[in-house]
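Quick caveat, the model's predicted, so the values are computed rather than measured. Values below: all heavy atoms of this structure, side chains included; hydrogens, waters and symmetry mates excluded.
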Amino acid sequence: MKQFSFKNFLLLTSSLFLFACVALFLMSFSYASEKSVWIEATGEAYMSEIDTPKEAIARAKADAQRKAIEQAVGVFLKSHTIVSNSQLAEDLIYASVRGKINKVEIIKEGWDEKDRNLYKVSLRAFVEPIYPEKEHGLSVKLSLSKADLKEGDEVKIFYQANKDCYVYIFSIAADGSVTLLLPNSIMKDNFIRGQEIYSFPSESIKLRAMLLPDFNGNVAEESIKIIATKKKENLISLGFQEGMFQVYDAKSTGMISDLIRRLNQLEPDEWTEATVVYRIKKK
């Protein structure tokens, strides 16, 4: 019977917090406070032998508008100042934000002086943040066998999706480190069937609550987060291996940015997330 240290459990609990708290964060912080922004962007398109000038111009304008929306999304993500115990929790809540252009002002446009087949457009776009509803797409439920724990308590994670999908379970520890619990080096298959209830870890593994060695308080609040995608995705870069799990320490900021970037490449209805919170008390 395998057992895991507190750090593994802590990471696990941190992820749970993320999954369970997504809905709470969405209710607690209003999207209405997000303001539309003016963005300048430049697009271009090459006119091939089968294109008309009108088609090339339209593609160049569309390219500029697409780039304006991408820049605006970055602005929207950076503008949030939610206080939480995890930057990953904050970022993932807003990872699905999109933008809608309400007004466009052309700054400059025309055929390139050196290449007469290349059309360039510089514009200013007034972009409004849009947060797509996911009610008709994927949804996932996440819970723990116990939310209030004492050091040494055993815990299990339960999860269920409304459709067939692939799940990625993360834990975020009090020190900011992140562990990818599933898939891992032993349980590589992260596909689940819709409506079926799953648990982690398996019967052959025990997961017990333990505080980090340098933790000075009496109670630690942490979380577990689950991300579900319609297709199998390579969501994050490799971390360092600790036992059967990939671990990312608090300084591995590239892991978070990679995860956000890859999720933003998916359509809103192609992925979802959930978070659950738990507390560990000293004996």
Side-chain angles (χ1 to χ4, degrees), residues 15-16 18-27 31 34 62-63 65-78 80 86-101 127-143 157-172 178 180-184 187-198 200 223-238 246 248 254-276:
S15 300
L16 287 174
L18 287 178
F19 289 115
C21 289
V22 170
L24 293 177
F25 280 138
L26 292 177
M27 292 186 289
Y31 291 145
E34 196 68 75
D63 183 47
Q65 291 184 26
R66 177 182 58 79
K67 291 176 179 177
I69 290 176
E70 289 178 352
Q71 292 180 47
V73 167
V75 172
F76 299 148
L77 290 174
K78 291 178 182 178
H80 296 290
S86 170
Q87 184 64 38
L88 180 59
E90 175 182 333
D91 287 345
L92 284 174
I93 292 167
Y94 296 97
S96 63
V97 64
R98 296 295 188 268
K100 180 178 71 173
I101 294 179
V127 186
E128 173 190 354
I130 301 296
Y131 301 88
E133 293 293 337
K134 297 182 180 180
E135 294 178 359
H136 302 295
L138 278 178
S139 65
V140 64
K141 297 178 181 178
L142 183 69
S143 64
I157 302 168
F158 300 98
Y159 52 98
Q160 179 185 34
N162 63 333
K163 299 178 181 179
D164 292 0
C165 62
Y166 295 85
V167 295
Y168 306 81
I169 301 179
F170 300 88
S171 66
I172 295 89
V178 178
L180 176 61
L181 299 171
L182 187 71
N184 55 60
M187 303 169 64
K188 297 181 179 180
D189 185 7
N190 61 333
F191 175 79
I192 66 171
R193 294 288 182 186
Q195 305 303 330
E196 292 187 20
I197 298 174
Y198 293 80
F200 182 90
S223 58
I224 296 290
K225 187 170 189 66
I226 187 169
I227 296 174
T229 60
K230 285 185 178 180
K231 299 177 182 178
K232 194 173 184 66
E233 304 285 347
N234 183 22
L235 290 182
I236 56 177
S237 54
L238 292 176
Q246 287 183 36
Y248 307 82
M255 172 265 178
I256 295 177
S257 59
D258 270 359
L259 180 57
I260 301 303
R261 177 178 58 80
R262 295 183 188 189
L263 288 175
N264 270 318
Q265 293 173 348
L266 304 179
E267 291 300 318
D269 63 351
E270 292 181 346
W271 70 279
T272 191
E273 62 180 339
T275 306
V276 81

Distance from [X] atom [atom1] to [Y] atom [atom2], nearest 0.5 Å?
X      : Y      : atom1 : atom2 : answer
Leu182 : Ile227 : CG    : CD1   : 12.0 Å
Asp164 : Gln195 : CG    : CD    : 9.5 Å
Tyr168 : Asn190 : OH    : CG    : 5.0 Å

Item to check | Partner residues of Lys141 under the side chain to side chain contact (heavy atoms under 4.5 Å, CB included) criterion, sequence neighbours left out | outcome: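 Counting only residues at least two positions away or on another chain, Lys141 forms a side chain to side chain contact (heavy atoms under 4.5 Å, CB included) with Gln160.
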Next on the checklist: Assess the residue pair Leu142 and Glu273 against the criterion (side chain to side chain contact (heavy atoms under 4.5 Å, CB included)); give the C-alpha distance rounded to whole Å, side-chain angles, the decisive distance to 0.1 Å, and a yes or no.
Outcome noted: CA-CA 9 Å; Leu142 183 69; Glu273 62 180 339; over 6 Å; no
Item to check | By ring pair (Phe, Tyr, Trp, His ring centres under 6.0 Å) - contacts of Tyr198 (at least two apart) | outcome: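 Tyr198 satisfies ring pair (Phe, Tyr, Trp, His ring centres under 6.0 Å) with Tyr159 only.
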Next on the checklist: So Lys231 and Trp271, do their side chains get closer than 4.5 Å, heavy atoms only?
Outcome noted: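 Trp271 does not reach Lys231 side chain to side chain.
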Checklist entry - Do Asp189 and Pro183 have side-chain heavy atoms sitting under 4.5 Å apart? => result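 No, too far: nothing below the 4.5 Å cut-off.
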Taking only residues two or more places apart in sequence or in another chain, which ones pass salt bridge (charged side-chain N to carboxylate O under 4.0 Å, His left out) with [X]?
X      : value
Glu70  : Arg66
Glu270 : none
Lys230 : none

Write down the atom of [X], the atom of [Y], and the distance for their closest heavy-atom approach.
X      : Y      : value
Val127 : Ala68  : CG2-O, 4.2 Å
Thr229 : Leu138 : C-CD1, 3.7 Å
Met187 : Phe200 : SD-CE1, 3.8 Å

